[in-house]
Amino acid sequence: PGLLLRIVGRAYMSRAEVPLMRKKRRSRQSARASAVAIDAATSDVGQEVVERRAFCLEDYVTAARNPSKTLSASLFMFFATLFSTVALGSLIEKQTLSRIGLTEYLYMNSLAGIIHSLLGTQPLLVIRPTGPVTAIIIKLSGTSDHFGFNFHHFLAATGVWVGLLLAAMAVARVSRYAYRLTPFTHEIFACFVCSIYLSDGISSCIARLEGSEDSFERFGTALFNLNLAAITFGGSAVLAGAVSWRLLPRSVRAVIADYAVTIAVVFTTAASLWSDIAAPRVERISMPSTFSPTCHHTPSDFECLHQHVPEPSLVTAPPRAWFVGFPVEPFCWLVALAAALPISFFFFIDQSISSLLCQLPSMGLRRGTYMHVSLLIVGVFNAVGPAFGLPFVTGSLPHSPQFVRSLTLARTREEGAEAEGEEEEEEEELASTSPLQVAESRVAPLLMYTLMGLPLLSPGLLKLIPEAAIDGILAYVGYEGIVSTDLYSRVLLLCTPRCNIPTRYAGLPLRVLHGFTAIQLAMLALCWAVNLSPAGLCVAFVVLSLIPLRERLLPRYFSTEQLAVLDGGSLASPLTPQPTPPKARPSRVAPDPHMSHAIVVHGEAPLAAAANEETAEVTVGDQAELSARLTEPDFSQPPEETRVSREKVVVDYLD
């Protein structure tokens, strides 16, 4: 009846009323659909906030229970990020003609980090101006000069577009597709970012040697600074591996490893002050005398005076105002939008990979995996910060996973052993230490970012540290991030004999193993080629192209089993859907009464289950021989060692 009345009613409607009624219906449907879309889009952001809110009190209690680990991790990451921030701030101050400098870098690093450590759902994610951010701002400075824009207005407009795009990605839950960034992409991007730090550290050391051949004194000073950088790099690398030493108690070695960078910096500073002849010639960190913007200009000329005055000490004009405003030219906004598109994609990839690598299951975090809220907060920072002349921020590699590893409470299988013989075995297995718990808290990042802002209030705190120490720390941070990837280990396998290849890759042909590594190296070289070209901002599209390359092209040349070994392993994303385990094949082995005790190998299934593995083909005759070997008594060993040796026989025989 309702449908009949509707038909009769429409028959008497005028032709003008029918389109109006359809328009109202479509508007109601679109409003309802948009409301559903908004609720669905904000559900993940709100869900992350609700889930993390349950651990707010525990975030501070954990720090109180582990004060030493919290302090050591904060100091380690403070020095690691401070020196790289100081180096990048000094570099961009030279490259942009003092339009933006060290003051803005330290201010943004400290302010954004403190807010994120208090409000972020994953406070252990390190937020800071990174090496790629520095390269992007340098390219934006050149673009503003090319089009004749005011640099700060152009940076502010670009920041607005970048912030809006990142916020839209967070609300639209684009991070759900981060599982498509497999270890193939992780390793290439991590090596690319870490190689930027390594390149900056090495290039700074080489720059000191250039032009010093004319004077013996300058050449000697350059060599002395080079030695200071080498001491910082080598000391940090050696002390970080103190856990595997055989000297000193374990607790002492753990403290040395936690404070490796701090000890190296203190030793380098003391070495630079040791000699009265060399101390005045050592280049030290140059900190701003007052807390003010780097750029100075007159009210009539908004271009930074450092472009016209060769020495900054000659500048007598007041510094610029903190709020720089926005451009009024529509063309400037269009160019800023064109520049913001690749920058936003690059920041999304950088943020996603940094979040994934510090939240891998192997990292030991137990309070959930969070992606959307951090991306939203980074979008807000990048929209507001450039309006005050501050740089962009994003998730930092390799500092984010390094921060989690520095907070890891590690134990070995022999922990708690009392006999001296067991302690010796424990020393041998320290290399296989597995993280069991992480001191997750908001206090460690909050302390680290607070220390980051102290040099702005008291510049004399860092003026004794030599600049060569910055180069050494930059090189060490990049080196440590590169050597922790599977790509680095597979590069070493290019010159490794077949008999020494790890068992993980033992079943792969050499052409498959080395071919996969060669493809990653080629894509890494392509990222560097694009980064050094005038179209350096488009390196984000090169990284995005790795996704279809991995999903469409590689399966044509590598089998599924080969890709599972090469592109799986410890770097599996926490967001990756877990495959259903295959069903075990029916056992073809007859039960043996001699093996009724069900020998367990590494706490897993008994031998009958182990024989069901695809790599083990055990016949009845083979099992009889194996049973004879297992049931043969060995009175020369204690019962416990006999059981372990029998387990080893099973493993060796099946292999």
Side-chain angles (χ1 to χ4, degrees), residues 85 88-89 91-93 95-116 127-170 291-295 297 302-304 319-348 350-351 374-396 456 536-537 540:
T85 302
L88 296 175
L91 175 64
I92 200 171
E93 188 171 342
Q95 296 293 331
T96 61
L97 301 175
S98 298
R99 292 167 169 171
I100 186 173
L102 181 56
T103 301
E104 289 81 1
Y105 263 56
L106 290 175
Y107 186 32
M108 189 62 174
N109 195 350
S110 178
L111 180 62
I114 290 175
I115 296 176
H116 183 262
I127 300 294
R128 57 185 294 269
T130 60
V133 167
T134 303
I136 288 173
I137 295 179
I138 292 175
K139 296 182 185 300
L140 290 179
S141 177
T143 304
S144 64
D145 292 339
H146 177 75
F147 289 99
F149 300 145
N150 180 279
F151 167 74
H152 293 100
H153 289 174
F154 181 62
L155 180 66
T158 307
V160 171
W161 290 119
V162 171
L164 291 176
L165 291 174
L166 291 180
M169 292 180 185
F291 180 61
S292 61
T294 305
C295 180
H297 61 73
F302 289 96
E303 290 296 334
C304 185
R320 65 167 178 84
W322 276 109
F323 182 72
V324 298
F326 299 97
V328 295
E329 305 91 342
F331 183 64
C332 183
W333 285 96
L334 292 177
V335 177
L337 176 60
L341 289 175
I343 293 175
S344 301
F345 282 111
F346 185 88
F347 285 175
F348 169 74
D350 197 355
Q351 178 77 14
S374 295
L375 183 62
L376 179 62
I377 293 177
V378 168
V380 174
F381 288 153
N382 291 330
V384 177
F388 295 88
L390 302 178
F392 300 117
V393 292
T394 183
S396 179
L456 295 174
L537 294 178

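- Ile137 CD1 to Leu390 CG: the interatomic distance, rounded to the nearest 0.5 Å, is 9.5 Å.
- In this structure a side-chain-to-backbone donor-acceptor pair under 3.5 Å is present from His153 to Val324.
- Scanning both residues, Pro386 and Gly159, for their nearest heavy atoms gives CG-CA, 3.9 Å.
- To the nearest 0.5 Å, atom CG of residue Leu376 and atom CE of residue Met169 are 13.0 Å apart.
- Pairs of residues two or more places apart, or lying in two chains, that qualify as side chain to side chain donor-acceptor pair (under 3.5 Å) and include a residue from residues 132-142 are Arg99-Ser141, Tyr105-Thr134.
- Across Ala387 and Ala156, no two heavy atoms sit closer than the pair CA-CB, 3.9 Å.
- The main-chain N or O of Thr294 is found under 3.5 Å from a side-chain atom of Glu104 such that the two form a donor-acceptor pair.
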Ignoring hydrogens and angles, write down the donor-acceptor pairs under 3.5 Å from the side chains of residues 106-115, residues two or more places apart or on other chains.
from, atom 1, to, atom 2, distance (Å)
Asn109, ND2, Thr85, OG1, 3.0
Ser110, OG, Tyr449, O, 2.9

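- If you look at Phe147 and Phe331, their ring centroids are closer than 6.0 Å.
- Here the CD atom belonging to Glu93 is positioned 7.0 Å from the CG atom belonging to Leu102, to the nearest 0.5 angstrom.
- Atoms CG and CG, on Asn150 and Asp145 in that order, are 10.0 Å from each other to the nearest 0.5 Å.
- A distance of 10.0 Å separates CZ of Phe151 from OG1 of Thr143, quoted to the nearest 0.5 Å.
- Judged by distance alone, the side chain of Asn382 and the main-chain N or O of Val393 form a donor-acceptor pair under 3.5 Å.
- For Trp322 and Phe291, the distance between ring centers is under 6.0 angstrom.
- Residues that satisfy the side-chain hydrogen bond (donor to acceptor under 3.5 Å, both in side chains) test with Ser374, not counting sequence neighbours, are His116.
- A pairwise comparison of heavy atoms in Ile92 and Gly101 identifies CG2-CA, 4.4 Å as the closest pair.
- With hydrogens and angles disregarded, no donor-acceptor distance shorter than 3.5 Å links the side chain of Trp333 to the backbone of Trp161.
- The CZ atom of Phe346 sits 15.5 Å away from atom CG of Leu341, with the distance rounded to the nearest 0.5 Å.
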